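Model, not experiment: these values are computed from the prediction.
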Amino acid sequence: MYRGPRINIERNFYKKNISQRSKAVHGVIIGTMGSPKRRKSYGFGGFVVELMTQREPEIRQFHTKGNINLVGSVAKKCETDILYDGVTKVIHDIASIKNLTLAYKYIKSKPGNMTCGYDNLTLGGISLEWLNQLSFNLRAGKFQFTPARRVYIPKSGKDETRLLEVVSLPDKVVQIAILQVLEPIYENIFLDCSHGLRPNRGCHTALCFLKHKFSNSSWVIEGNISKCYDSIDHEILLRILKKKIKCNKTLALLKKFLKNPFEDHDRLVWPKEGTFQGSSLSSLLCNVYLHEMDLYMENLKQSFNRSKRNIESPNYRHIQYALSLSRKNLDLSEKKNLRAELCKRRSKDSFDSNFRRLNYVRYADDFVIGVVGSKEDCIQIQKDLSVFLSEELSLNLSQKKTAISHFNKDGIFFLETFIKGNREKKKVVKLVSKNNLKLKARITSRIKMLVPIERILKKGVEENIFKRLESKKIVPTAVRRMINYDHADIIRLFNSKIREILNYYSFVDNAKSLGIILHSLKHSCALTLALKYKLRHRSKVFKKFGKYLECKDSGVKLFIPKTFVHFQKFQINPTTPDSILAVQWNNKLTRSNLNYGCLICGKTPSEMHHVKRVKNLKTRYRKRKIDYWTLQMAVINRKQIPLCTAHHIALHQGQLLPKEVEKLNKSIKKFKK
């Protein structure tokens with residue numbers, strides 16, 4: 001009776017139970033001996049009852065605001081176990097069908113996801129059966145990443161290139177599934193000083209943190225880690241991940257991801273360090289890696305800070321003492337002069353060596369350290385940090401981008417913003433209204449955050465929106481690559497640039513200076529329309545289309561605010577100015593004619609008949625006489641007319657009737673207007 005496994009489904013069938021015992025072949029027991037142990041539900045001899053309950057997978061849920069929440073057991077792990085013992089059995093949450101389906105839905109509609117990877121697979125081949133097989137492979141530890149394809153992208157305004165890897169689209173599903181489980185786990189661990197590449201955090205949150213924490217800093221260390229993504233050590237990263245992730249299969253999957261080869265110049269290369277910048281997991285792994293740097297700076301901050309308060313200035317106390325004596329011998333003129341002198345003096349001693357403070361903020365691989373102390377302290381902090389990065393994390397500080405500067409005199413550039421300290425040579429005295437009375441009071445100025453006008457204009461010169469004259473003066477110019485756009489599309493593209501610049505610099509103190517950039521964009525738009533309509537001068541464009549260059553057909557106007565008010569408003573994650581000026585609006589280049597009916601019979605749906613051929617342009621592109629973008633613009637913007645299938649075939653075969661030819665000519669003239 002022990003020669004085969006015996007399964008009794010009838011016993012307790014109403015509870016959906018299965019009874020099973022171990023198998024014996026020729027007197028040898030195969031399987032676990034004795035009583036059931038842990039997950040083994042069978043033993044030697046009698047019947048063992050196993051309750052057939054399936055573990056419900058718990059996944060994170062995406063919301064419209066961009067934040068991510070967890071439900072079920074993963075959320076409980078994040079709240080309790082993660083800070084102490086780590087999280088186990090993570091692979092079950094990654095490999096759950098619901099999690100994989102959610103990962104597929106997250107990337108299925110994003111642009112560029114139909115690009116083939118190394119294996120020439122697209123999202124079109126993904127099905128529920130494929131997801132089930134993927135879930136099984138992940139649980140069994142059999143999943144293998146396909147090689148990535150490396151692409152070299154030149155950096156704007158530099159001779160350097162940035163490495164990006166084109167990942168296979170099925171592999172993207174797995175990477176997003178891993179991200180959906182690991183990100184909530186580590187979000188509870190990351191410190192408040194980290195702001196880059198995290199949900200609900202961005203450039204504005206980092207700048208807001210700096211404005212409120214660095215108010216008394218006298219010296220600033222502005223730094224950058226050289227080739228951070230490319231220099232991440234795999235062994236160190238895996239050792240850091242093991243502190244919180246106690247699942248061996250998850251760690252093995254992450255190791256496969258890090259060691260995944262890539263195709264470079266028709267040969268496969270197995271990386272020894274670094275992460276793929278084209279991957280959705282790279283930002284999270286980079287933050288996990290640099291979290292060790294955040295912890296080091298937090299410990300350094302606690303050991304560096306000294307004294308609770310800064311002592312009062314001796315000169316300030318002398319004047320206060322003189323004022324107290326003047327109460328006995330009341331002399332109004334002398335008392336008035338002493339009070340005026342007191343307003344000019346600082347109440348605290350800025351040269352107090354016993355009072356020290358350190359503050360730190362990081363956005364991705366860029367960081368700023370504010371120091372209330374001496375320059376020698378800054379030099380020592382920079383040396384200690386450099387030693388820690390090289391010895392513990394195998395990273396190096398960039399020599400070009402790392403510098404020590406006086407916060408109040410020189411200032412720094414951080415996240416496309418010029419930032420300067422708040423200490424003036426003399427205290428500012430202003431009239432302040434209080435209880436319907438105007439009194440003179442000392443005003444403590446805050447950290448100044450300013451728009452770098454010159455940098456934005458230089459960026460506009462690189463993108464051919466502005467041009468530099470021989471006198472080195474920067475003036476607006478026509479954007480020639482936009483001539484074939486529709487009038488309304490030209491206005492919309494310039495409006496997107498204007499609104500995004502206003503959104504990003506909504507917190508600056510010199511908001512009035514934004515008018516220089518916005519009005520320059522306005523005149524650049526006018527010059528573009530002048531070139532499109534062959535009006536030669538921008539004055540004729542303003543005379544024909546009005547002050548805001550209104551498109552008469554669609555009613556679209558150029559957006560220029562009436563006033564540039566200082567709002568001091570911080571947002572979560574606006575677009576950076578570099579990407580704003582460089583955008584070429586690939587989403588919509590011209591108004592689509594597909595919705596029009598046939599110009600001869602009015603029948604819908606219609607087909608597009610292309611009047612001009614681009615065969616010669618393709619030949620020039622192969623000979624590298626024109627770039628790819630010029631070719632695409634010519635293909636998209638060539639003249640098109642809508643025709644039904646029957647009339648389209650007749651036109652190509654030259655079989656249109658005279659009445660149809662005459663009607664087509666009249667319709668084309670109206671269609672152009």
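Aromatic ring pairs are classed by plane angle as parallel below 30°, tilted from 30° to 60° and perpendicular above 60°; the pair His291 and Phe190 is tilted. Using a 30° and 60° split on the angle between ring planes, Phe413 and Phe418 fall in the tilted class, from 30° to 60°. Note on ring orientation: taking the six-membered ring where Trp is involved, the planes of Phe214 and Phe407 are perpendicular (angle over 60°, cut-offs 30° and 60°). In this pair, Tyr504 and Phe507 present their aromatic rings perpendicular. The plane angle is above 60°, beyond the 30 to 60° band.
When all heavy atoms of Leu191 and Arg198 are compared, the pair lying nearest together is O-NH1, 3.1 Å. Nearest heavy-atom pair across Gly373 and Ser218 is O-OG, 3.4 Å. Here the shortest heavy-atom pairing between Cys286 and Cys228 reads SG-SG, 3.7 Å. Annotation for Gly555 and Glu550: closest pair CA-OE2, 3.9 Å, computed over non-hydrogen atoms. Between Tyr289 and Ser394, the shortest heavy-atom distance links the atoms OH-N, 4.4 Å. The shortest heavy-atom contact between Lys522 and Leu549 is O-CD1, 4.0 Å.
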Item checked: Criterion side-chain contact (heavy atoms from CB on, under 4.5 Å) on Val371 and Phe304, from CA distance to verdict -> CA-CA 10 Å; Val371 178; Phe304 181 83; 3.9 Å; yes
Check: Can Leu254 and Leu182 be said to form a side-chain contact (heavy atoms from CB on, under 4.5 Å), step by step?
Finding: CA-CA 11 Å; Leu254 290 171; Leu182 294 187; 4.1 Å; yes
Note to self: Show, in sequence, the C-alpha distance, side-chain angles and deciding distance for Asp192 and Arg201, and conclude whether the salt bridge (Lys or Arg N to Asp or Glu O under 4.0 Å) test is met.
What the structure shows: CA-CA 10 Å; Asp192 289 337; Arg201 289 175 181 260; 3.3 Å; yes
Margin query: For Ile404 and Gln382: C-alpha separation, side-chain torsions, deciding distance, then whether side-chain contact (heavy atoms from CB on, under 4.5 Å) applies.
Written below: CA-CA 9 Å; Ile404 300 173; Gln382 184 179 349; 3.1 Å; yes
Next item on the list: Start with the C-alpha gap between Leu290 and Leu395, add the side-chain angles, then the distance that decides, and say whether side-chain contact (heavy atoms from CB on, under 4.5 Å) holds.
Entry: CA-CA 10 Å; Leu290 295 180; Leu395 297 174; 3.8 Å; yes
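To the nearest 0.5 angstrom, Ile465 atom CD1 is 14.5 Å from Lys467 atom NZ. Here Asp384 contributes atom CG and Leu389 contributes atom CG; the two are 11.0 Å apart, rounded to the nearest 0.5 Å. Atom CZ of Phe367 and atom CZ of Arg362 lie 10.5 Å apart (nearest 0.5 Å). The distance from atom CG of Leu514 to atom NE2 of His519, rounded to the nearest 0.5 Å, is 10.5 Å. Note that CG of Leu237 is 5.5 Å distant from CG of Leu258, once rounded to the nearest 0.5 Å. Separation of atoms CD1 (Ile369) and NZ (Lys301) is listed at 12.0 Å; rounding is to 0.5 Å.
The backbone N or O of Thr477 lies less than 3.5 Å from a partner atom in the side chain of Ser524, making a donor-acceptor pair. Distance alone, capped at 3.5 Å, places no donor-acceptor pair between the Arg538 side chain and the Leu527 backbone. Between the Asn495 side chain and the Lys557 main chain, a donor and an acceptor come within less than 3.5 Å of each other. Between the side chain of Thr402 and the backbone N or O of Ser398 there is at least one donor-acceptor pair closer than 3.5 Å. Judged by distance alone, with hydrogens and angles left aside, the side-chain atoms of Asn287 form a donor-acceptor pair with the main-chain N or O of Gly196 at under 3.5 Å. Put simply, the side chain of Asn305 gets close to the backbone of Leu358: a donor and an acceptor are under 3.5 Å apart. One N or O on the side chain of Thr528 and one on the backbone of Val479 form a donor-acceptor pair closer than 3.5 Å. His406 places no side-chain N or O within 3.5 Å of a backbone atom of Lys375 that could act as its donor or acceptor partner.
At a threshold of 4.5 Å between non-hydrogen side-chain atoms, the residues Asn200 and Thr205 do not count as touching. At least one side-chain heavy atom of Phe559 sits under 4.5 Å from a side-chain heavy atom of Pro561. Contact of the Leu521 side chain with the Pro476 side chain is not registered, since no non-hydrogen atoms from C-beta on lie closer than 4.5 Å.
Scanning for side chain to side chain contact (heavy atoms under 4.5 Å, CB included) contacts around Ser471 gives Leu469, Lys473, with sequence neighbours left out. For His537, the side chain to side chain contact (heavy atoms under 4.5 Å, CB included) criterion is met by Ser539, Lys540, not counting sequence neighbours.
Judged by the 6.0 Å distance and 45° axis criteria, Lys458 is not positioned over the aromatic ring of Phe466.
Heavy-atom contacts from other residues, nucleotides or ligands closer than 6.0 Å to NZ of Lys532 number more than 12. Within 6.0 Å of atom NZ in Lys211, more than 12 heavy atoms from other residues, nucleotides or ligands are found, so the atom counts as buried in its surroundings. Crowding of Glu454 atom CD: a count of heavy atoms from other residues, nucleotides or ligands under 6.0 Å not exceeding 12.
The side chain to side chain contact (heavy atoms under 4.5 Å, CB included) test with Val451 is passed by exactly one of Thr417, Asp509, Asn510: Asn510.
Side-chain contact, Tyr360 with Asp294: a donor N or O sits under 3.5 Å from an acceptor N or O.
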